[in-house]
There are 2 protein chains.
Amino acid sequence: MLSITEENYIKHILSLDLESSSNLGVGTNELALSLSVKPSSVNVMLKKLREKALIEYEKYGKIQLTEKGRLFGMTIIRKHRLWETFLYQKLDFTWDEVHEVAEQLEHIQSVKLVEKLDKFLGFPKIDPHGDPIPTEKGEIKIASKLFLSEIQTGKKCKMVSVKDNSAVFLKFVQELGLSINNEIEVLSKLDFDESIEISVNNQKSRVSKKFAQNICVILSDKN
Amino acid sequence: MLSITEENYIKHILSLDLESSSNLGVGTNELALSLSVKPSSVNVMLKKLREKALIEYEKYGKIQLTEKGRLFGMTIIRKHRLWETFLYQKLDFTWDEVHEVAEQLEHIQSVKLVEKLDKFLGFPKIDPHGDPIPTEKGEIKIASKLFLSEIQTGKKCKMVSVKDNSAVFLKFVQELGLSINNEIEVLSKLDFDESIEISVNNQKSRVSKKFAQNICVILSDKN
DNA sequence: AAAATTTGTTAGATTAATCTAACTTTATTA
DNA sequence: TAATAAAGTTAGATTAATCTAACAAATTTT
Ligand SMILES: [Mn+2]
Ligand SMILES: [Mn+2]
Ligand SMILES: [Mn+2]
Ligand SMILES: [Mn+2]
């Protein structure tokens, strides 16, 4: 049995690992930044997690999850995304509100609860942000996706998910009339600041590079 | 903002207070027993809770909740009972399973979540064990109820709730075919061990005094 | 009222998780 | 390669929550 703190360490290691396509492992400072704690705190915790056989790690080396650690992390992400789906679909939360509450709910310990919740929701495959929900066995389907910022001028694509989960970002996405499965056309790119002009539902908007780097898409068949 | 530990102290003080009809306040040892910690640990915490204006307490005196503390405790009990109702009604948990999970869920911090959950459940008035759910303002209707052990031989009564919430007890209640709103007739009492013979749904059973002290009833109109 | 029992308190130690400040190792740049 | 910067580690302090063991106050019994 892990403490909530330990669970969060494992979850952040896994998340950083999944983000960075390379399998090189996670760094101490990187993890500290992600968890909003100091590197020295991470260093202390790493020794404990290694003791519990959740990570592989040696002095000055990179952090890697063991199979046990990876499975553990997956169940936390699974719970997080199932709860987000519950809040969104059943309790009418908006998609910018669910993340914060799910950060708490993901730590509730009850295997039966997760199973029953999954069934109650009709075994959803993605959460309100378009992210895949891992199976009970910790399997996850990582769809090959691009960022909106990588799409060439003139091409059409479909929004599949968002990277950032902050309320400010998500509210702005919604203001633009953008949501999961929407078709987006890249009309033009401005070299000056790398901003992008897009068209969604026959509505034109200009968005920053940073914004476009947080919208995940797949290329449309219509290209 | 309170820690989960502090929340549990407040909840237990309130629960003990509600149980013991008298308004004399709670004792250190009593609270320690209820929380499964040592009296010395309680003593340390009492100073902190007093500092935060949640309790009134002086050396060697009894513990009393302030209005602020009482309201806080009520919202925790409210959350606990709403979650129990959710687990029972929506996720098909059995009534002996809900308490343990609700012990965790009651600490989730989100005013909006409680409101939405309450609405989703259709504003329930009692939880699966027959206990009243406090309102948002911390109001609670304490129905004048008796214990089955107090009912005279020959009288009929209606089960309104259970006192004990342990799985072993609740499973046994169910085995006897007993549930909320059932009519119970007290057929006889045995002086030797104070056990009671009852009839429920035309089925006779003999139960111990301790058992009867954990079944809450009201006298039936039919007497 | 004295003795015994129950109830409550204090001091000092322990554990988990964090921090700051100083230090060391590794990587990058000149 | 030597200097500089970045990344990572260690030691020692802090805070919350707990414990044990010794003590003190209040209550009950004799
Ligand atoms: Mn989220
Ligand atoms: Mn999500
Ligand atoms: Mn309960
Ligand atoms: Mn209950």
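What you see is a predicted model, and the numbers here were worked out from it, not measured in a lab. In what follows, every heavy atom counts, from backbone to side chain, and hydrogens, waters and symmetry copies are set aside. Lettering of chains follows the sequences in order, A, B, ..., and the numbering in each one begins at 1.
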ask   = Is it the case that A:Q109 and A:E7 place a side-chain donor and acceptor less than 3.5 Å from each other?
value =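 Yes - a donor-acceptor pair under 3.5 Å links their side chains.
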inquiry  = If only side-chain N and O atoms count, and only distance matters, is there a donor-acceptor pair under 3.5 Å linking A:H99 with A:H80?
reply    =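 Side-chain D/A pair, A:H80 to A:H99: present.
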Taking [atom1] from [X] and [atom2] from [N], how many angstroms apart are they, rounded to a whole number?
{"X": "A:E58", "N": "D:dT9", "atom1": "CD", "atom2": "P", "value": "11 Å"}
{"X": "A:L31", "N": "D:dA7", "atom1": "CG", "atom2": "P", "value": "14 Å"}
{"X": "A:Y9", "N": "C:dA16", "atom1": "OH", "atom2": "P", "value": "14 Å"}
{"X": "B:K38", "N": "D:dA21", "atom1": "NZ", "atom2": "P", "value": "10 Å"}
{"X": "B:L46", "N": "C:dT7", "atom1": "CG", "atom2": "P", "value": "16 Å"}
{"X": "A:L35", "N": "C:dT18", "atom1": "CG", "atom2": "C1'", "value": "12 Å"}
{"X": "B:M1", "N": "D:dT15", "atom1": "CE", "atom2": "P", "value": "21 Å"}
{"X": "A:E30", "N": "D:dT9", "atom1": "CD", "atom2": "P", "value": "13 Å"}

Options [options], nucleotide nearest the side-chain atoms of [X]:
{"X": "B:K47", "options": "C:dT10, D:dT18, D:dT9", "value": "C:dT10"}
{"X": "A:N29", "options": "D:dG8, C:dG8, D:dT9", "value": "D:dG8"}
{"X": "B:N43", "options": "C:dT10, C:dC19, D:dT18", "value": "C:dT10"}
{"X": "A:T28", "options": "C:dT18, D:dT18, D:dG8", "value": "D:dG8"}
{"X": "B:V44", "options": "D:dT18, C:dG8, C:dT10", "value": "D:dT18"}
{"X": "A:Y57", "options": "D:dT9, D:dT18, C:dT10", "value": "D:dT9"}

ask   = Considering only heavy atoms from C-beta outward, does the side chain of B:K209 approach that of B:S195 to under 4.5 Å?
value =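 Not in contact.
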Phosphate contact ([N] OP1 or OP2) by [X] side-chain N/O below 4.0 Å:
{"X": "B:Y60", "N": "C:dT6", "value": "no"}
{"X": "A:K59", "N": "D:dT10", "value": "yes"}
{"X": "A:S3", "N": "C:dA16", "value": "no"}

inquiry  = Can you tell me whether the side chain of B:S40 and the base of D:dT20 have a donor-acceptor pair closer than 3.5 Å?
reply    =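 By the distance-only test, yes, there is a pair.
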task = Give a yes/no verdict on a cation-pi contact between A:K116 and B:F93, requiring under 6.0 Å between NZ or CZ and the six-membered ring centre and an angle within 45° of the axis.
result =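 Yes, A:K116 sits over the ring of B:F93.
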ask   = Within the structure shown, what part of the strands sits under 4.0 Å from A:S41 by heavy-atom distance: base, sugar-phosphate, or nothing?
value =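 Base: the residue A:S41, judged by heavy atoms under 4.0 Å, touches a nucleobase.
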task = Indicate the atoms forming the closest heavy-atom contact of A:S149 with A:K189, along with that distance.
result =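 Heavy atoms of A:S149 and A:K189 come nearest at O-NZ, 3.1 Å.
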